[in-house]
Amino acid sequence: MKANQRRQKQPLAAAQDVARESSVDLSRLLDVVAAFPKQTICVVGDFVLDEFASCEISRVSREAPVLILRHRRTEAYPGGAANAVNNIADLGARVVPVGVVGADEGGQALLAHFRRKHVNTSGIVTLRDRLTPTKTRFLAGWTHTTEQQVLRVDREPAATLSAAAQAAVEHRAQRLAKQADAVLLSDYGLGAATPTLARELGAATRPLARNLGAATPSLSRRLSAKRIVLDSRYRLREYAAAGVAAATPNEAEMEAAYQEQIGSNTGNLAKLGQRALRELGLEALLVTRGKDGMAVFEKGARGKQAARHIPIYGSDAPVDVTGAGDTVIAVFTLALAAGASYLEAAHLANYGGGIVVMKRRTATVTRAELEAALRREATAQR
């Protein structure tokens, strides 16, 4: 009987240990969020226009087994790296975007959106012969029902960025990164953010850290005030030794990068997380896992500390996950710039992601929403 009781208590004790290892002080998180307006973040990456065509189902076509949709309206939002810019602006910080748009309707829409939010667009290169990447989602429903996504059409540039365009992006990135407290690199595979550019930014933005001699790594981070945080959709492993401090892949991206399944196998997750830390030369890795929350890996952590798991904030039945990864890296990077530890920054990113997936379309989280969530959580824990 007593042996059975001991066995029953062991999993509970293990769960409590994990919770303690992953916990943070909520009042400390509120202090970090309060410091957001003092930060400047340079976002370098691939800007995308997210379109949502809202339609009403009219009938089934007689020409083919497809729905005929009656168009109601089309809404456009910043997507990709532009969504990260939008989130940082709504969190109250100063943001300086660097990237490329076309001299087309989509590019003009993105620039106009940034200007309405008083975002400096001098780092954005406009190219006459380039298409602004656009993702159009068609949403359909009956008159009194909720719309569902039925089709997505992506329009992307046919050619890679020219050498001249890449040089223009590099020049602006190096200039503006020096003015920032951290650099967010958003690589959607469209040419503006590359491993080569990451290496050049790492060399340009950390001159002080290289000359600190016996100073500690944490001190060097505070003094240099420059960290590069990466979100790479397709080529995570190409950023090895690129000077990136942290990366925020989702679980599917980790599986694709290493050709191994994770699923519910936390042992595999721990193995791949440690491997990515080592191979990429990272200080930290934040893996987002959908309904299973997040896992945080930090350099030098071993054993039980190898992966610290954070359960999801809010509902496990999201309304719309479009662009949630952009919100996560925006909050994570901004928190690091404001002085948060990697674990604290991950918790704040978890709150931000949990808030934004309960909104429709490509949405952002505001500083007020983040503070309100933290205060509710603090009250619930008393």
Side-chain angles (χ1 to χ4, degrees), residues 36-37 39-55 71-139 152-157 161 165 168-169 171-173 175-177 179-180 184-188 190-193 231 320 322-327 329-331 333-334 356 359-369:
F36 280 3
Q39 313 308 316
T40 298
I41 306 299
C42 179
V43 175
V44 182
D46 297 312
F47 297 147
V48 176
L49 185 72
D50 280 350
E51 285 186 338
F52 294 84
S54 181
C55 307
H71 182 262
R72 291 170 173 167
R73 64 187 178 278
T74 297
E75 301 168 293
Y77 300 85
N83 184 29
V85 171
N86 205 24
N87 271 273
I88 292 169
D90 283 353
L91 288 164
R94 179 171 177 260
V95 57
V96 282
V98 178
V100 173
V101 296
D104 53 10
E105 187 176 339
Q108 293 307 305
L110 285 175
L111 292 174
H113 183 93
F114 289 153
R115 287 166 183 155
R116 284 194 298 272
K117 293 199 172 181
H118 308 289
V119 172
N120 185 342
T121 59
S122 64
I124 301 176
V125 180
T126 301
L127 301 176
R128 286 195 301 271
D129 58 348
R130 188 169 178 84
L131 172 73
T132 300
T134 303
K135 298 178 181 179
T136 304
R137 296 167 176 87
F138 291 87
L139 311 173
R152 191 179 105 178
V153 177
D154 290 1
R155 286 166 283 173
E156 296 180 351
L161 279 180
V169 170
H171 174 74
R172 297 181 194 204
R175 174 173 57 85
L176 293 172
Q179 304 172 18
L184 188 163
L185 204 64
S186 178
D187 180 1
Y188 275 78
L190 297 169
D231 180 12
D320 193 337
T322 306
D326 303 318
T327 298
I329 192 172
V331 177
T333 305
L334 184 49
V356 84
K359 301 180 181 183
R360 296 195 183 279
R361 315 290 191 259
T362 308
T364 64
V365 61
T366 67
R367 185 159 56 96
E369 289 172 331

How close do Tyr188 and Ala81 get, heavy atom to heavy atom, and via which atoms? CE1-N, 4.0 Å

Rounded at 0.5 Å granularity, tell me how far CZ in Arg115 sits from CD in Gln108. 7.0 Å

Can you give me the closest heavy-atom contact between Ala363 and Val356, atom names plus distance? O-CG2, 3.3 Å

Quiz: residues 90-100 side-chain donor-acceptor pairs under 3.5 angstrom, not counting sequence neighbours:
from, atom 1, to, atom 2, distance (Å)
Asp90, OD1, Lys117, NZ, 2.8
Asp90, OD2, Lys117, NZ, 3.0
Asp90, OD2, Thr364, OG1, 2.6

Cys55 side, atom SG; Arg72 side, atom CZ - distance, nearest 0.5 Å: 8.0 Å

With a 4.5 Å limit on heavy-atom distance, are the side chains of Leu161 and Leu127 in contact? yes

With a cut-off of 6.0 Å (strictly less than), are more than 12 heavy atoms of other residues, nucleotides or ligands near NE2 of His71? yes

Mind checking the OG1-CZ spacing from Thr366 to Phe36? Nearest 0.5 Å is all I need. 11.0 Å

Testing the basics here: between Ala193 and Ser186, what is the closest heavy-atom pair and its distance to 0.1 Å? CB-O, 3.6 Å

At their closest point, which heavy atom of Gly45 faces which heavy atom of Ala192, and how far apart are they? O-CB, 3.3 Å

Once you round to the nearest 0.5 Å, how far does CG of Asp46 lie from CG of Leu185? 9.0 Å

Carboxylate-amine/guanidinium contact Glu369 Lys359, below 4.0 Å: yes

Atom CG in Asp326, atom CG in Asn86: separation rounded to 0.5 Å? 10.0 Å

Donor-acceptor pair, distance only, cut-off 3.5 Å: does the side chain of Arg172 make one with the backbone of Ile124? yes

Glu156 and Leu190, any side-chain heavy atoms less than 4.5 Å apart: yes

List the steps, then state whether side chain to side chain contact (heavy atoms under 4.5 Å, CB included) holds for Arg152 with Thr136. CA-CA 6 Å; Arg152 191 179 105 178; Thr136 304; over 6 Å; no

Checking side chain to side chain contact (heavy atoms under 4.5 Å, CB included) for the pair Leu49/Tyr77: CA distance, chi angles, key distance, verdict? CA-CA 6 Å; Leu49 185 72; Tyr77 300 85; over 6 Å; no

Answer whether the closest heavy-atom distance between the side chains of Thr322 and Arg361 falls below 4.5 Å. no

Return the CZ to CZ distance between Arg360 and Phe52, rounded to the nearest 0.5 Å. 11.0 Å

What's the shortest heavy-atom distance between Pro78 and Thr362, and which atoms? O-CG2, 3.4 Å

Looking only at heavy atoms, what is the nearest atom pair of Ala82 and Phe114, with distance? CB-CZ, 3.7 Å

Is atom CD of Glu105 surrounded by more than 12 heavy atoms (other residues, nucleotides or ligands) closer than 6.0 Å? no

Walk me through whether Thr132 and Asp104 qualify under side-chain hydrogen bond (donor to acceptor under 3.5 Å, both in side chains). CA-CA 7 Å; Thr132 300; Asp104 53 10; 2.7 Å; yes

Contacts of type salt bridge (Lys or Arg N to Asp or Glu O under 4.0 Å), residue Arg155, not counting sequence neighbours: Glu51

Option from Leu176, Asn83, Asn87, Ile88 for which side-chain contact (heavy atoms from CB on, under 4.5 Å) with Val43 holds: Ile88

Going by heavy atoms in the side chains, are Thr134 and Asp154 under 4.5 Å from each other? no

